[in-house]
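Structure first, then comments.
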Protein chains: 2
Amino acid sequence: MGISDRKEREKEELRDRILIAAKSLFLERGVEKTSIRNIADRIEYSPGIIYHYFKDKNEIFHALHQGGFIQLMEKMQVLNSVRNPMERLKAMGSIYVRFAMENPDMYDLMFIKEAPIDHVFNSKDDQWKEGGGTFNFLRKTIEDCIAAGYFKGHDSEALSYMIWSTVHGMVSLSIRRRCEVVLPDRQDSIVVDGLEEFYKILDRL
Amino acid sequence: MGISDRKEREKEELRDRILIAAKSLFLERGVEKTSIRNIADRIEYSPGIIYHYFKDKNEIFHALHQGGFIQLMEKMQVLNSVRNPMERLKAMGSIYVRFAMENPDMYDLMFIKEAPIDHVFNSKDDQWKEGGGTFNFLRKTIEDCIAAGYFKGHDSEALSYMIWSTVHGMVSLSIRRRCEVVLPDRQDSIVVDGLEEFYKILDRL
DNA sequence: TTGGAATATTAAACACTGTTTAATTATTTT
DNA sequence: AAAATAATTAAACAGTGTTTAATATTCCAA
């Protein structure tokens, strides 16, 4: 058993090396410009070997984007210390936006790209589906807000989707360079400024 | 002069045929799966000819996505008859969302894809930059709302960005299939439901 | 009408891409 | 040591966007 365990580990090792190479290349130049041959070059194997560890290129980037969700979820942990649900909601927005702006390529992979989402539907253990996903965390917070008297007459699920969309919209328009065109002077601050406007609205409720 | 004009028109004609072929292929199968050779096949010319009319593939899709803005702007025209600025703002959101859901590929090209936006910065006459763009229309409406007593203490520019982001976020999460994973039961209605939640908030201000 | 210049068009190649195949090398088991 | 299994590779396939040089076509002046 011990021996076959070691074999298992050694096999996993190459899988990890592929993933590490893929990740560094992806962070250097993005998904599209990272080719199977690039990855193979970096780990000094032939391109074919990659298909013994991953079904296709999508599966590699699906595996990578899983790490992003864990990262994001970790940053959300500090929210457990925020008692007031409305304060928690706002802090959540700030953490979400900061994560996106500090890791734009990872955010892109997680929430914008077409690529890895196809794989999500076929794969069993996936960060999207898993119980404590980020969206459910948001929904729970919204429900706490409603219980505390905020958002009277709202549908918590649809409201969660709307609020998620607000922060996602702001960061994704920025990442995909649509605010550079529309607000060239404020491109650096507009996402944070927009978030501020959202908080002003929440404060008035 | 008349003769060289006709020549001009005939030259434009092939350019248009390329564009028409590209558009139909793009609506059938998306940008990525539409190749230069596909387009050339459809117009029964060799692939090389396309580069006499367009710098590269991006320029073709940039030209195409221009049409989308004109389409969207046309739909916005009915808003001129809505006197109340807050009602106009809400109607605007509905038109925007309907446009996105009815033309998801075009919307994707206009507001999500990386491809054509690079070209926007280099090109002189572009729907993004042009005076009466959709964003300025939104900003104008927001300013009218402020003048009418709504949104006290808000920065109209940042608020416009935030409101744009809310509708963009909802439709882009839907188009890029992120709500299928998170809310599989409501995927057909969630965008409209989310918009409803947004209107509820606006009504409370 | 003819010859030369300008233009339009193409065939072929370049350097890539993701993926699959069969062949080869290495390792494990009998 | 031989056979079976697994790991790894080389080579090919079918495609991509783009560029090059060659060819066909059109135009205009002599």
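Just so it is clear: chains get the letters A, B, ... in the order the sequence lines come, proteins before strands, and each one is counted from 1.
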On DNA chain C, compare the nucleotides closest to Lys33(A) and Lys55(A); which residue's is nearer the 5' end?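 Checking each residue's closest nucleotide, the 5'-ward one belongs to Lys33(A).
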If you assign Gly48(A) and Ser35(A) each to the DNA chain C nucleotide with the nearest heavy atom, which residue ends up on the more 5' nucleotide?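 Comparing both residues, the 5'-ward one is Ser35(A).
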Report yes if a donor N or O on one partner sits less than 3.5 Å from an acceptor N or O on the other, where the partners are the side chain of Arg37(B) and the base of dG15(D); otherwise report no.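 Answer is no: no donor-acceptor pair is held.
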Answer with yes or no after comparing the ring centroid distance for [X] and [Y] against a 6.0 Å cut-off, counting only values under it.
X         : Y         : value
Trp128(B) : Phe111(B) : yes
Phe137(A) : Tyr96(A)  : no
Phe54(B)  : Phe61(B)  : no

Calculate the interatomic distance between [X] atom [atom1] and [N] atom [atom2]; express it in whole Å.
X        : N       : atom1 : atom2 : result
Ile39(A) : dT8(D)  : CD1   : C1'   : 17 Å
Ile36(B) : dA11(C) : CD1   : C1'   : 17 Å
Asp56(A) : dT20(C) : CG    : P     : 8 Å
Asp41(B) : dT10(C) : CG    : C1'   : 14 Å
Phe61(B) : dG17(D) : CZ    : C1'   : 12 Å
Ile50(B) : dT19(D) : CD1   : P     : 13 Å
Glu32(B) : dG18(C) : CD    : P     : 14 Å
His52(A) : dA10(D) : NE2   : C1'   : 14 Å

Can you tell which of [options] lies closest to the side chain of [X]?
X        : options                   : value
Ile49(A) : dT8(D), dT9(C), dT16(D)   : dT8(D)
Lys57(B) : dT8(D), dT9(C), dT18(D)   : dT18(D)
Tyr45(B) : dG17(D), dT9(D), dT9(C)   : dT9(C)
Tyr51(B) : dT16(D), dG17(D), dT10(C) : dG17(D)
Tyr53(A) : dT9(C), dG17(D), dT8(D)   : dT8(D)

Quick check: does any side chain N or O of Gln66(B) sit under 3.5 Å from a backbone N or O of Gln127(B), one acting as donor and the other as acceptor?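 Such a contact is found between Gln66(B) side chain and Gln127(B) backbone.
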Is the shortest side-chain N to carboxylate O distance from Asp144(B) to Lys140(B) below 4.0 Å?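 Yes, charged N to carboxylate O under 4.0 Å.
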